[in-house]
Amino acid sequence: MAKKLYYKIGEACKRVDIQPYVLRYWETEFTALSPDKSKSGQRVYSDRDLQVIGRIKELLYEEGFTIAGAKKKLEGELKSGQVEASSAEDSGAVVADTDATSPRSKKSAPAVTIDPASAKEMAQMRKGVEKAIKETEAILALLDSGPKRS
């Protein structure tokens, strides 16, 4: 299969495995993502655009960043040329997402630089804690739905 110079939105979404409405939304949030337009006005994405889209997807879905945190991280990576990195382990230090827009944070806190090994360990711990919370909620729901004593 010949390598293409540009991809239409449907092709780009298939390659990165996201829905077109998600990509259109990301274009409104991430200034680094501004595809060219064809003569007919359709969005067309280059290989570089696909790399940026893939990195945004990683930051949001795999690394758990908020939109605001992913914007900061992506901007830093673009400045240093790290966008091609496919994971946190490949791209060096990871900035913890402590942005005030995170649903779990109450106050704004400064970003903290964390080495990749610690970031990976923290991500694994987070998944474990989230699983424990879900299991606890399920147990509480069972207890709440059980027979009531007077």
Salt bridge or not for [X] and [Y], using N-O below 4.0 Å?
| X | Y | answer |
| --- | --- | --- |
| Glu63 | Arg55 | yes |
| Glu27 | Arg43 | yes |
| Arg15 | Glu11 | no |

Discussion item. Please check this pair: side chain of Lys8 against backbone of Gln42, looking for a donor-acceptor N/O pair closer than 3.5 Å.
Written reply: no
Discussion item. Can a donor-acceptor pair be found, under 3.5 Å and without considering hydrogens, that links the side chain of Lys57 to the backbone of Asp17?
Written reply: yes
Side-chain heavy atoms of [X] within contact of [Y], under 4.5 Å:
| X | Y | value |
| --- | --- | --- |
| Glu77 | Lys72 | no |
| Val52 | Phe30 | no |
| Tyr7 | Val44 | no |

Testing the basics here: between [X] and [Y], what is the closest heavy-atom pair and its distance to 0.1 Å?
| X | Y | value |
| --- | --- | --- |
| Cys13 | Leu23 | SG-CD2, 3.8 Å |
| Val22 | Tyr61 | CG1-OH, 3.8 Å |
| Leu78 | Ala32 | CD1-CB, 3.2 Å |
| Trp26 | Ile18 | CZ3-CD1, 3.6 Å |
| Phe65 | Leu60 | O-CD2, 3.5 Å |
| Ala12 | Leu50 | CB-CD2, 3.5 Å |

Between atom [atom1] of [X] and atom [atom2] of [Y], what is the distance when rounded to the nearest 0.5 Å?
| X | Y | atom1 | atom2 | result |
| --- | --- | --- | --- | --- |
| Leu74 | Leu59 | CG | CG | 6.5 Å |
| Glu137 | Lys134 | CD | NZ | 9.0 Å |
| Arg24 | Gln19 | CZ | CD | 9.5 Å |

Item to complete: May I ask you to check whether Asp49 and Tyr6 show a side-chain donor-acceptor distance below 3.5 Å?
Response: no
Practice prompt. Not counting sequence neighbours, which residues clear side-chain contact (heavy atoms from CB on, under 4.5 Å) with Thr28? List them please.
Written response: Tyr25
Item to complete: Could you work out the complete set of other residues in the hydrophobic cluster of Val129, with links drawn between I, L, V, M, F, W and Y side chains under 4.5 Å apart?
Response: Ile133
Practice prompt. Provide the full list of salt bridge (Lys or Arg N to Asp or Glu O under 4.0 Å) pairs with a residue in residues 32-42, sequence neighbours left out, each pair given once.
Written response: none
Worksheet item: side-chain hydrogen bond (donor to acceptor under 3.5 Å, both in side chains) with Thr136: which residues, sequence neighbours excluded?
Response: none
Discussion item. According to side-chain hydrogen bond (donor to acceptor under 3.5 Å, both in side chains), who are the partners of Ser34, at least two apart in sequence or on a separate chain?
Written reply: none
Fill in: Listed partners of Glu29 passing salt bridge (charged side-chain N to carboxylate O under 4.0 Å, His left out), at least two apart
Lys71
